[in-house]
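What follows is a short report on a single structure.
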Amino acid sequence: MQKEYKTLKSIAGPLILVEGVEGIKYEELVEVITPEGEKRMGKVLEANKDTALVQMFESPQGLKTEETKAKFLGKPLEIGVSEDMLGRVFSGSGKPIDGGPDIIPEKKLNINGAPINPYSRDFPNDFIQTGISSIDCLTTLVRGQKLPIFSGAGLPHSRVAAQIARQAKVRGGTGDFAVVFAAMGVTFEESEYFINEFKKTGAINRSVIFANTAADPVVERIATPRIALTTAEYLAFEKGMHVLVILTDLTNYCEALREVSAARKEVPGRRGYPGYLYTDLATLYERAGRIKGKKGSITQIPILTMPEDDITHPIPDLTGYITEGQIVLSRDLQREGIYPPINVLPSLSRLKDKGIGEGKTREDHAGVMNQLFAAYAQGKEVKELAVILGEAALGEDDLKFLKFAEEFEKEFVSQDEYKDRDIIDDTLDIAWKLLAILPRHELKRIKEEYIKQYLPKQEK
């Protein structure tokens, strides 16, 4: 039931206080009508007895308390969804911005989604190939997982995100694969870069893009990831698709939350962020997963830039508690000209064991992964030792580990951003080639049968 009021008491930034209301619900959609008849959208942020706090999705500029009307629409913010959304570009509020026709929706869905019953959840499973060796081999992405990328200002997370979106696939899997890409608070240039990359490589045909730029309203930024995830849920659980959701940049989303929280005069938590930041992020991340009896799945890669490269900052810190690992980009590797600059040592995928091995990747994958981690960590230690003592003081084995660490960064971590490496034909073969640098007796983490089967091929 729609209700209209002229009892606006105050306007503070994106927030409007309306008095004398009745029967108003939390998250209800509001149409704010200016004296000139222009309609601007908002939603109820707080309903308390006879007052309602309305959060505007658009600029409140020009609104006056005396002549403005607030029309409560009696329903939450919804998005019309359809398979026709694939191949299209939308604004952060879900309106087409690619010059194409409006979408004729098959149904309208509440953007806040419905929580997945924990009993109905199926365990994340099946390997997703990104074509990036350091992710596929060492921090393996599994279908139904949420695996964030921790980056820093100026690091090429946008290029990594675009590369994953172009190349990701369920290896040998059945069913359609789709990408839902949501950019929040990015510059116009970044937004154009993503759209052009998708179009140039043809990835646009299996993608839905939502772009909220830095010039768009802050409050729209809070709705954008929810609109994207609602679209993903429709494609996954109603159309049976394997959907990869990439959200960038979650730091901009959290800044928008902080701005609205400050306008509401809430008591701030750590570093000024609202105390409910953990809960709010969880409502986004926990929308990933698989449901028993449903063919489709949602896999999430949230991307966030760590302010001042601080991994203990509230945003990466809380994200790490909710998600199943992290991929960390390194400024040192970036300075050395390595792309993608993935620092494999602090990177982690807690579900990697569920997506690798015989029938999924290859039987030697687990052993190779553990050996690469151990050898690279030892090589880095030797490198630090060489700085202090000089290479002349190193033993023969130490020199081999030093060479391995250098070659590992150049040959394995580093790859062209348009190179799509297959896990078996490319990535694992490169790994064995590098392991051949090490003394045979140091290959302690791989079964002897696999060493005999795969290492000699590289030594011939």
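- For Ser93, the side-chain contact (heavy atoms from CB on, under 4.5 Å) partners are Ser91, Lys95, Glu220, not counting sequence neighbours.
- In this structure, the side-chain contact (heavy atoms from CB on, under 4.5 Å) partners of Glu238, at least two apart in sequence or on a different chain, are Lys107, Tyr234.
- By the neighbour-count criterion of 12 heavy atoms within 6.0 Å, atom CD of Glu66 is densely surrounded, having more than that number from other residues, nucleotides or ligands.
- Take Lys6 and apply the side-chain hydrogen bond (donor to acceptor under 3.5 Å, both in side chains) test, not counting sequence neighbours, and it matches no residue.
- No more than 12 heavy atoms of other residues, nucleotides or ligands sit less than 6.0 Å from atom CZ of Phe188.
- Here CD of Gln415 is found 7.0 Å from OG1 of Thr427. Values are rounded to the nearest 0.5 Å.
- The side-chain hydrogen bond (donor to acceptor under 3.5 Å, both in side chains) test applied to Asp249 returns Thr251, Thr305, not counting sequence neighbours.
- Other residues, nucleotides and ligands place no more than 12 heavy atoms under 6.0 Å from the CD atom of Glu22.
- Remark: the Tyr5 side chain and the Glu19 side chain contain no N/O donor-acceptor pair separated by less than 3.5 Å.
- Applying the salt bridge (charged side-chain N to carboxylate O under 4.0 Å, His left out) test to Arg421 and every residue at least two apart in sequence or in another chain returns nothing.
- Asp84 CG to Glu106 CD: the interatomic distance, rounded to the nearest 0.5 Å, is 7.0 Å.
- Side-chain atoms of Arg287 and Thr230 form a donor-acceptor pair, as typed in the model, at a separation below 3.5 Å.
- Atom-to-atom distance recorded for Ile16:CD1 and Leu45:CG is 12.0 Å, nearest 0.5 angstrom.
- Listed by chain and residue number, Glu27, Asn110, Arg226 satisfy the side-chain contact (heavy atoms from CB on, under 4.5 Å) test with Asn112 (two or more places apart in sequence, or in another chain).
- For residues 88-143, the set of pairs meeting the ring pair (Phe, Tyr, Trp, His ring centres under 6.0 Å) definition, not counting sequence neighbours, comprises Phe90-Phe210.
- For residues 128-144, the pairs satisfying salt bridge (charged side-chain N to carboxylate O under 4.0 Å, His left out) are Asp126-Arg143, with sequence neighbours left out.
- Applying the side-chain hydrogen bond (donor to acceptor under 3.5 Å, both in side chains) test to Asn370 and every residue at least two apart in sequence or in another chain returns nothing.
- Among residues at least two apart or in separate chains, ring pair (Phe, Tyr, Trp, His ring centres under 6.0 Å) pairs with a member in residues 311-350 are Tyr273-His313.
- In this view, Arg159 and Glu417 satisfy the side-chain hydrogen bond (donor to acceptor under 3.5 Å, both in side chains) rule, not counting sequence neighbours.
- Residues satisfying the side-chain contact (heavy atoms from CB on, under 4.5 Å) test with Glu31, not counting sequence neighbours, are Ile33, Lys39, Met41, Lys71, Leu73.
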